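Chain A is the first sequence line, chain B the second, and so forth, proteins listed ahead of strands; every chain is numbered from 1. If you're wondering where the values come from, they're calculated on a predicted model, not measured in any experiment.
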2 protein chains.
Amino acid sequence: MDKTILNHYFHSLFPIEKGTVEKITLAFHYFELPKNACLLEANTISTETYFLEKGYMRSFILNEENEEVTTQIYVAPCFVNDFLSFFKQHPTKETFQTLTNCKYWKTGLTNVQSNFHTIPEFREFSRLLLVINYDKLNDRVIEMASQKAETRYLNLLKQKPDIFQNVSLKIIASYLGITDSTLSRIRKETSKM
Amino acid sequence: MDKTILNHYFHSLFPIEKGTVEKITLAFHYFELPKNACLLEANTISTETYFLEKGYMRSFILNEENEEVTTQIYVAPCFVNDFLSFFKQHPTKETFQTLTNCKYWKTGLTNVQSNFHTIPEFREFSRLLLVINYDKLNDRVIEMASQKAETRYLNLLKQKPDIFQNVSLKIIASYLGITDSTLSRIRKETSKM
DNA sequence: AGAAACACTTGATAAATGACAAGAAATTAC
DNA sequence: GTAATTTCTTGTCATTTATCAAGTGTTTCT
């Protein structure tokens, strides 16, 4: 199997020698999931870390009214993780679900731990992955707290335009923290501009 | 200087042998700041990591209208960091400011890096610190996207009751993503219940 | 002590968004 | 290919929250 995209992702985030990257990705295994499949279910413990090579997916939780609240939309290529569940071996709060057919690479916690403690570059990479994800989430909190729905929509449209061709508006709306009716109206308004 | 609280914080997050913790905190230095002082200014590069031993502080950004948006409220004891700025040596987006007199321990990036690469338990601790902070932020995004202001206020009141005695309502309001007038009305309403 | 700045509340009104329901359009299933 | 299901839009109306402005009380500064 061709690990070009996976290997390149490591390179792009932190400069690692080619041989070292290959050593790191040696224990990554390929698999695929069809559309609307479940990668990781709520209330289970995440035992693997996933690299999404191709496709779109999301994570969501159920609120008190049993409505699905989309917490994240993932666009390949990227790592997909419930960090707390994986590293602390806690049950997940969220469910991870494919939105299109998806291609993945996965590896287990044992392998991650072994690499983390023996390969300095992998340590740096791991930390950077967390730091970058933290920063993105922080930006999203700021946006949620200080921008109105229309601005958040326009930002998303600019940052991840392709999700609008691959993810239902209902899911995008719940990711933006609004109802699908409101998103529909916002789209109508902004398309005039 | 007494590093009891600092050392204990390491223990509480991840089980580390006493001697190892003392080795880790050896290069942490004590300092204090008065109320309304600036710990870390926007557009500078964070060169140190901070442990807040006592006091209250916040981070904030300026939005387009030059209004301060509080991004985080910190209650001792906890680590206070701009992760991206510190680990990637990028300029900060946020300003970190004391809200009361504060007591800190700090150490530089060189020391963190040295510990990270030589002390396995410190690596685990560092990752856990990031993971836990990521998870908290994630919970906040979910709350912002799915709960109304009154619910968010009541949750905050339950989780960090003491900030209401130590932080101005204006700052708490902007942390909740609402105006101070709205917070004032919510408090009036909920106090009747 | 007095002035200035700040924090908090409250009123009136407007804007943003949600709730619910119905219908059209697209997709999926058999 | 048709029925069933889901997605998206739109209308009406209710709720939530913002805006602006005024007034009171509190802190800070000199």
Side-chain angles (χ1 to χ4, degrees), chain A residues 33-37 56 58 60 63-70 73 97-101 141-157 163-193, chain B residues 34-38 56 58 60 63-70 73 97-101 141-157 163-193:
Chain A
L33 283 180
K35 185 173 174 173
N36 288 324
Y56 294 84
R58 68 156 176 161
F60 68 90
N63 67 8
E64 312 75 47
E65 286 88 34
N66 255 45
E67 296 153 345
E68 296 179 354
V69 179
T70 297
I73 295 173
Q97 178 190 56
T98 61
L99 300 173
T100 62
N101 295 344
V141 173
I142 295 170
E143 208 181 38
M144 287 292 224
S146 64
Q147 310 285 144
K148 61 180 193 168
E150 184 178 308
T151 313
R152 301 203 301 274
Y153 163 70
L154 290 171
N155 287 347
L156 186 61
L157 190 59
I163 67 173
F164 291 90
Q165 276 74 57
N166 293 281
V167 179
S168 79
L169 293 178
K170 195 180 163 177
I171 286 174
I172 294 176
S174 110
Y175 173 74
L176 289 169
I178 56 180
T179 59
D180 45 352
S181 325
T182 298
L183 178 56
S184 182
R185 289 188 176 102
I186 287 175
R187 280 165 65 79
K188 192 181 176 187
E189 275 310 305
T190 56
S191 67
K192 289 185 202 159
M193 309 193 308
Chain B
K35 184 175 174 173
N36 288 325
C38 177
Y56 295 84
R58 67 155 177 162
F60 68 90
N63 67 8
E64 313 74 46
E65 287 88 34
N66 255 44
E67 296 154 345
E68 296 178 354
V69 179
T70 297
I73 295 173
Q97 179 190 55
T98 61
L99 299 173
T100 61
N101 296 344
V141 173
I142 294 170
E143 207 181 40
M144 287 292 223
S146 64
Q147 310 285 147
K148 61 179 193 168
E150 184 178 308
T151 312
R152 301 203 300 274
Y153 162 71
L154 290 171
N155 287 348
L156 186 63
L157 190 59
I163 66 173
F164 291 89
Q165 274 74 58
N166 292 282
V167 179
S168 79
L169 294 177
K170 195 180 163 177
I171 285 175
I172 293 175
S174 109
Y175 173 75
L176 289 169
I178 56 179
T179 59
D180 46 352
S181 322
T182 298
L183 178 56
S184 181
R185 287 188 242 268
I186 287 174
R187 281 165 64 79
K188 193 180 176 186
E189 276 310 304
T190 56
S191 67
K192 287 185 203 158
M193 310 190 314

Worksheet item: OH of B:Tyr153 versus C1' of C:dC8: gap in Å, rounded?
Response: 13 Å
Practice prompt. Report yes if some heavy atom in the side chain of A:Lys148 is under 4.5 Å from a heavy atom in the side chain of A:Thr151; otherwise report no.
Written response: yes
Fill in: Value in whole Å for how far the P atom of C:dC6 lies from CD1 of B:Ile171
12 Å
Discussion item. Strictly distance-based, threshold 3.5 Å: is any side-chain N or O of A:Ser191 a donor or acceptor partner for the main-chain N or O of A:Arg187?
Written reply: yes
Fill in: Contact interval (first through last nucleotide) of DNA chain D with protein chain A, 4.0 Å heavy-atom
D:dT7 to D:dT12
Fill in: Shortest non-hydrogen contact between B:Leu169 and B:Phe164, atoms and distance
CD2-CD2, 4.1 Å
Item to complete: Would you name the heavy atoms of A:Glu68 and A:Ser174 that are closest together and state the gap between them?
Response: O-OG, 3.8 Å
Worksheet item: Which pair of non-hydrogen atoms, one from A:Lys35 and one from A:Thr98, has the smallest distance, and what is that distance?
Response: C-OG1, 3.4 Å
Discussion item. Test of understanding: with salt bridge (Lys or Arg N to Asp or Glu O under 4.0 Å), list the residues that count as partners of B:Glu67, not counting sequence neighbours.
Written reply: none
Worksheet item: Does A:Lys148 put a side-chain nitrogen or oxygen below 4.0 Å from OP1 or OP2 of C:dT17?
Response: no
Worksheet item: Taking the side chain of A:Ser181 as its heavy atoms from C-beta onward, which of C:dT28, C:dC20, C:dT17 lies nearest to it?
Response: C:dC20
Worksheet item: Hey, which of these two, B:Lys35 or B:Thr182, hits DNA chain D nearer its 5' end, going by closest nucleotide?
Response: B:Thr182
Worksheet item: Can a donor-acceptor pair be found between the side chains of B:Asn155 and B:Gln147 at a distance below 3.5 Å?
Response: no
Practice prompt. Rounded to the nearest angstrom, tell me the gap between atom CD in A:Gln165 and atom C1' in C:dA26.
Written response: 16 Å
Worksheet item: Closer than 4.0 Å, any side-chain N/O of A:Thr179 to the OP1 or OP2 of C:dT17?
Response: no
Worksheet, complete the sentence: Rounded to whole Å, CG of B:Leu183 lies from C1' of C:dT9 at a distance of 11 Å
Worksheet item: Quick one: B:Ile178 CD1 to C:dA16 P, roughly how many Å, whole number?
Response: 18 Å
Worksheet item: So, for B:Asn166 and B:Thr100, which heavy atoms are closest and what is the spacing to 0.1 Å?
Response: O-CG2, 4.0 Å
Item to complete: Please report, rounded to the nearest Å, how far the P atom of C:dA7 is from the CZ atom of B:Phe164.
Response: 16 Å
Discussion item. How many whole angstroms separate atom CG of A:Leu176 from atom P of C:dA16?
Written reply: 16 Å
Fill in: Shortest non-hydrogen contact from A:Ile186 toward A:Ala149
CD1-CB, 3.7 Å
Worksheet, complete the sentence: Between its two end axes (five pairs each) the helix from C:dA1-D:dT30 to C:dC30-D:dG1 turns, nearest 10 degrees, through 60°
Discussion item. Expressed as a whole number of angstroms, how long is the span from B:Asp180:CG to C:dT10:C1'?
Written reply: 12 Å
Worksheet item: In terms of the nearest nucleotide of DNA chain C, which residue is placed more toward the 5' end: B:Arg185 or B:Leu169?
Response: B:Leu169
